[in-house]
Amino acid sequence: MSQVRVRFAPSPTGFFHIGSARTALFNWLYARHTGGKFILRIEDTDKERNSPEFLKVILDSMRWLGMDWDEGPEVGGNFGPYFQSERTELYKAKLKELADKGKAYEKDGAWWLRLEGARSVVFDEHLKKEIEKVDAAPMVLNDLVRGRVERAEDRDFVIFRSNGEPVFHFVNVVDDIEMQITHVIRGEDHLSNTSKHLELFKAFGVKPPEYAHIPLILKTDGPGKMSKRDRGALIEEYQQRHYLPAAVRNYLCLLGWTPTDGREVLPIDDIIQQFELSAVHQSNARFDERKMSHVNAQTLRTIPAAEFAAIARPILIQNKVIDEKVSDARLTEVLAIVQEKVISVEHLPEFMGFFFTENFKKDENAQANLTKKGGDPAARLRELLPSLEACEWTDAGIEAAFNAAATTHQRKPTDFFAPARFATSGQGGGPHLLGILRVLGRDITLRRIKAFLN
RNA sequence: GCCCCCUUCGUCUAGCCCGGUCAGGACACCUCGUUUUCACUGAGGUAACUGGGGUUCGAAUCCCCAAGGGGGCGCCA
């Protein structure tokens with residue numbers, strides 16, 4: 001059996017859309033699952049709307065999401081060039097091939113593909129003008145996701161513009177032929193176009209590849225598919241917000257496909273192993289940022305401490321939470337109690353800033369709620385202070401100090417928690433309290449409590 | 001207007017191919033818990049087979065129709 005060759009063919013005319021990313025991802029997964037090749041091909045035939053910056057956005061995002069390509073820009077390959085703008089001569093030769101066969105003809109300066117069938121002129125309600133319709137035989141597609149789909153193309157269509165540039169449908173098919181693509185995995189918005197592509201394959205006398213049309217990603221609410229302007233639609237947004245790329249990728253897999261082993265958050269190697277085109281869903285899915293956020297938080301718990309520190313350090317430095325002098329050991333110590341609680345790297349600076357400055361923010365809500373449990377916070381802290389001054393400075397020792405204070409003053413240990421938390425961190429929530437105190441150290445803990453009392 | 005695709009909790013979905021489980025899980029939401037706070041974690045809860053016909057002893061599962069949703073119909077990709 002011949003090797004699987006799939007391609008992702010973005011047009012660098014905008015930002016990297018989440019739907020495009022998911023299409024790229026499914027192609028990449030299929031290539032990795034089958035041990036085939038994943039090809040990146042840049043469809044830049046529309047000169048008006050292309051730019052090098054847009055290309056960089058796509059390549060950077062692809063790399064960020066961990067989708068490496070076997071052939072394409074920057075890596076080369078035996079089927080190049082991989083920019084359609086550099087394949088003009090090929091397209092012209094292929095056009096001539098169709099023209100010579102009588103399958104294409106020139107009209108109004110453009111070249112059209114000639115369909116086979118009886119012709120008639122009718123008024124088209126959509127185009128609001130008279131057009132020539134062709135009673136062509138339906139093209140039959142056995143889609144790997146949709147099953148059998150039959151659709152007849154009913155008009156000759158332009159394959160080369162009057163300005164001499166080929167159109168999408170033509171280059172798409174020519175390149176798929178030349179690059180020996182075996183499987184075309186793309187969004188369902190192309191399903192209706194497929195009859196055009198099948199007509200082209202037929203005109204060339206080439207057997208078409210397998211097709212798999214995957215469902216679209218719809219807006220969270222409101223009608224229609226995700227558009228560039230929708231919140232959460234652009235991959236770069238997640239990069240900027242320090243989402244974990246593995247989490248974004250994992251969530252994207254969940255829109256249109258379900259892992260077979262019952263897990264939703266799982267390593268990419270396991271996803272690759274389980275991924276099958278036949279298991280891809282047929283219905284569109286609505287984007288849900290909250291679920292994605294959940295996947296992100298779950299993924300966060302699974303990464304090794306050293307890796308977490310490597311991710312966190314530059315972000316903390318950038319936000320002036322720490323400076324370069326803070327040691328890895330110290331950072332890892334703090335991160336160890338933070339990692340199990342924080343829900344996103346994005347929140348790290350505010351979540352753990354108090355470990356590194358005496359000038360930490362004080363949450364007004366938390367302060368207002370201090371008296372709810374345990375009464376007067378200052379009184380509780382005065383009762384607690386002697387125990388903290390005397391105890392062994394370990395989790396167990398600090399816990400014992402809270403218990404001792406509780407016994408002495410006939411209270412519950414929890415009565416001391418909110419005041420101690422607020423005095424040392426300015427927050428009402430956060431990492432485990434005993435961990436906070438232990439990591440802060442006795443000196444700073446006592447100093448902050450005394451500062452609160454004054 | 002024409003063509004194509006889709007239709008299970010608010011959302012993502014399992015189950016459907018090979019009819020017969022209180023229709024299962026996750027997010028979100030609500031409740032309660034943890035002799036320790038919390039954005040953690042644990043236990044519960046609310047919540048769905050679009051509608052109508054048909055086939056059948058029996059249909060979420062098979063067939064038909066309708067409705068709803070999505071997509072396409074460009075010298076954009």
Side-chain angles (χ1 to χ4, degrees), chain A residues 9-14 43-46 48-50 84 107-112 122-128 131 133 138 141 143 145-147 149-155 157-169 171-172 187-196 213 215-216 218 220-221 223-225 251 254-258 260 262-265 281-295 297-298 301 339-344 347 351 366 373 399 402-403 406 412-422 425 427-434 436:
Chain A
S11 182
T13 56
E43 306 214 331
D44 53 352
T45 53
D46 184 1
E48 303 288 311
R49 289 167 53 189
N50 287 302
Q84 291 185 330
K107 189 180 86 179
D108 303 332
W111 284 86
W112 301 66
V122 297
F123 185 81
D124 187 282
E125 285 294 334
H126 180 70
L127 298 171
K128 304 287 180 207
I131 56 168
K133 290 247 181 188
L141 167 68
D143 194 276
V145 172
R146 314 262 146 193
V149 178
E150 215 179 278
R151 185 171 188 273
E153 206 54 39
D154 64 356
R155 285 179 74 201
F157 55 94
V158 171
I159 53 179
F160 250 77
R161 302 185 188 109
S162 52
N163 67 2
E165 289 171 19
V167 304
F168 161 74
H169 303 297
V171 295
N172 198 268
E188 199 224 67
D189 47 347
H190 284 296
L191 189 56
S192 294
N193 287 330
T194 307
S195 48
K196 281 193 178 71
H213 285 93
L216 266 25
L218 269 28
T220 303
D221 34 46
K225 58 178 178 175
Y251 175 70
L254 265 25
L255 288 179
W257 176 76
T258 307
T260 53
R263 286 181 297 171
E264 287 192 325
V265 180
H281 309 325
Q282 302 189 328
S283 53
N284 297 338
R286 237 170 242 288
F287 176 74
D288 182 359
E289 188 174 353
R290 288 180 303 192
K291 179 121 186 186
M292 181 165 173
S293 177
H294 171 257
V295 172
Q298 291 304 309
R301 317 254 177 271
Q339 187 175 0
E340 59 182 15
K341 295 285 186 174
V342 74
I343 58 171
S344 166
H347 298 135
F351 194 78
K373 204 176 183 183
E399 184 177 8
F402 275 86
N403 291 337
K412 289 190 294 188
T414 43
D415 291 344
F416 301 101
F417 271 70
R421 173 179 291 279
F422 185 79
S425 74
Q427 301 298 308
H432 196 285
L433 178 62
L434 300 179
I436 290 177

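Quick caveat, the model's predicted, so the values are computed rather than measured. Each chain gets a letter, A, B and so on, in the order its sequence line appears, and its residues count up from 1.
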Seminar exercise, completed: When rounded to whole Å, the CG to C1' distance for the pair A/Asp221 and B/rG69 reads 15 Å

Exercise. When all nucleic acid strands are considered with a 4.0 Å heavy-atom cut-off, which category describes A/Thr258: base, sugar-phosphate, or nothing?
Worked result: sugar-phosphate

For this session: Determine the contact category for A/His281: base if any of its heavy atoms lies under 4.0 Å from a base atom, sugar-phosphate if only primed atoms, P, OP1 or OP2 are that close, otherwise nothing.
Result: sugar-phosphate

For this session: Answer with base, sugar-phosphate or nothing: what part of the nucleic acid does A/Pro215 contact at a heavy-atom distance below 4.0 Å?
Result: nothing

Exercise. Base, sugar-phosphate alone, or nothing: which one does A/Gly147 contact when heavy atoms must sit under 4.0 Å apart?
Worked result: nothing

Seminar exercise, completed: Among the nucleotides B/rG70, B/rU36, B/rA28, whichever has the atom closest to the side chain of A/Arg290 is B/rA28

Exercise. When the distance from NZ of A/Lys291 to P of B/rU11 is rounded to whole Å, what number comes out?
Worked result: 13 Å

Exercise. How is A/Ile343 classified with respect to the nucleic acid when contacts are heavy atoms under 4.0 Å: base, sugar-phosphate, or nothing?
Worked result: base

Exercise. Within the structure shown, what part of the strands sits under 4.0 Å from A/Phe416 by heavy-atom distance: base, sugar-phosphate, or nothing?
Worked result: nothing

Exercise. How do A/Tyr251 and A/Gly262 order along RNA chain B: which one's closest nucleotide is nearer the 5' end?
Worked result: A/Tyr251

Problem set entry | Span that lies between the P atom of B/rG72 and that of B/rC62, in whole angstrom | 28 Å

For this session: Report which part of the nucleic acid A/Ala110 touches: base, sugar-phosphate, or nothing (heavy-atom distance under 4.0 Å, all strands).
Result: base

Exercise. B/rC3, B/rC5, B/rU37: which one has an atom nearest the side-chain heavy atoms of A/Glu188?
Worked result: B/rC5

Problem set entry | Whole-Å C1' distance, B/rU61 and B/rA23 | 11 Å

For this session: Please work out if A/Leu254 contacts a base, only the sugar-phosphate, or nothing of the nucleic acid, heavy-atom cut-off 4.0 Å.
Result: sugar-phosphate

Problem set entry | Whole angstrom value for the distance that separates P of B/rC27 from CG of A/Leu255 | 16 Å

Seminar exercise, completed: Taken to the nearest whole Å, NZ/A/Lys412 to C1'/B/rU37 is 12 Å

Exercise. Taking side chain as C-beta onward, heavy atoms only, is A/Pro166 less than 4.5 Å from A/Trp111?
Worked result: no

Exercise. Can you tell if the side chain of A/Arg161 reaches within under 4.5 Å of the side chain of A/Val167, non-hydrogen atoms only?
Worked result: yes

Problem set entry | Close side-chain approach of A/Ser192 and A/Glu153, heavy atoms under 4.5 Å | no

Exercise. B/rU41 C1' sits how many Å from A/His294 NE2, rounded?
Worked result: 12 Å

Exercise. Nearest-Å distance, CG (A/Asp189) to P (B/rC5)?
Worked result: 15 Å

Problem set entry | Integer angstrom distance from the P of B/rA28 to that of B/rA43 | 15 Å

Seminar exercise, completed: Among B/rU36, B/rA77, B/rC73, the one nearest any side-chain atom of A/Lys196 is B/rC73

Exercise. Which listed nucleotide (B/rU36, B/rC12, B/rG71) is nearest to the side chain of A/Glu264?
Worked result: B/rC12

Exercise. Less than 4.0 Å between a side-chain N and a carboxylate O, is that true for A/Arg155 and A/Asp124?
Worked result: no

Exercise. Hey, is the side chain of A/Arg155 poking within less than 4.0 Å of OP1 or OP2 on B/rC3, counting only N and O atoms?
Worked result: no

Exercise. Looking at B/rA39, does its base get a donor-acceptor pair with the side chain of A/Lys341 below 3.5 Å?
Worked result: no

Problem set entry | Nucleotide nearest A/Ser283 (side chain, heavy atoms from C-beta), chosen from B/rG10, B/rU7, B/rG70 | B/rU7

For this session: Please state whether the base of B/rC73 and the side chain of A/Ser192 form at least one donor-acceptor pair under 3.5 Å?
Result: no

Exercise. Does any non-hydrogen side-chain atom of A/Glu264 lie less than 4.5 Å from one of A/Lys291?
Worked result: yes

Exercise. NA contact type, A/Gln298, heavy-atom cut-off 4.0 Å: base, sugar-phosphate, or nothing?
Worked result: sugar-phosphate

For this session: Between B/rU35 and B/rA39, how far apart are the C1' atoms? Round to whole Å, please.
Result: 24 Å

Exercise. Relative to the ring of A/Phe402, is the ring of A/Phe416 parallel (under 30°), tilted (30 to 60°) or perpendicular (over 60°)?
Worked result: perpendicular

For this session: With the side chain counted from C-beta on, respond yes when A/Leu216 and A/Glu188 share a heavy-atom pair under 4.5 Å apart, and no when they do not.
Result: yes

Problem set entry | Spacing of the C1' atoms in B/rA14 and B/rG54 (rounded, Å) | 28 Å

Exercise. Closer to the 5' end of RNA chain B via nearest nucleotide, is it A/Glu399 or A/Gln427?
Worked result: A/Glu399

Exercise. Contact class for A/Asp108 (heavy atom, under 4.0 Å): base, sugar-phosphate, or nothing?
Worked result: base

For this session: Flag the pair A/Thr194 / A/His213 as yes when at least one side-chain heavy-atom distance between them is below 4.5 Å, and no otherwise.
Result: yes

For this session: Rounded to whole angstrom, note down the P distance from B/rC22 over to B/rA59.
Result: 15 Å

Problem set entry | Atom-to-atom span, NE2 of A/His432 to C1' of B/rA39 - whole angstrom | 15 Å

For this session: When you get a sec, tell me which of B/rG1, B/rU36, B/rC27 is the closest nucleotide to the side chain of A/Glu125?
Result: B/rG1

For this session: For A/Gly109, answer base if it contacts any base atom (sugar-phosphate contacts may also be present), sugar-phosphate if it contacts only those atoms, and nothing otherwise; contact means non-hydrogen atoms under 4.0 Å.
Result: nothing

Exercise. Picking from B/rA26, B/rC75, B/rG72, which would you name as closest to the side chain of A/Val167?
Worked result: B/rC75

Problem set entry | Touch class at under 4.0 angstrom, heavy-atom based, for A/Glu340 against every strand present | sugar-phosphate

Exercise. Using the C1' atom in both, what is the distance from B/rA60 to B/rU50, to the nearest Å?
Worked result: 12 Å

Problem set entry | CG-CG distance between A/Asp143 and A/Leu191, expressed to the nearest 0.5 angstrom | 6.5 Å

Exercise. With a non-hydrogen cut-off below 4.0 angstrom, is A/Ile159 in contact with a base, only sugar-phosphate, or nothing?
Worked result: nothing

Exercise. In whole angstrom, what separates A/Phe287's CZ from B/rC27's C1'?
Worked result: 13 Å

Seminar exercise, completed: A/Leu216 has its side chain closest, among B/rG71, B/rA77, B/rU35, to B/rG71

For this session: Compare the minimum distances between each of B/rG70, B/rU41, B/rG72 and the side chain of A/Leu218, then state the nucleotide with the smallest one.
Result: B/rG70

Problem set entry | Distance, C1' atom - from B/rU37 to B/rC29, rounded to whole angstrom | 23 Å

Exercise. Ring of A/His126 versus six-membered ring of B/rC73: centres under 5.5 Å and planes under 30°?
Worked result: yes

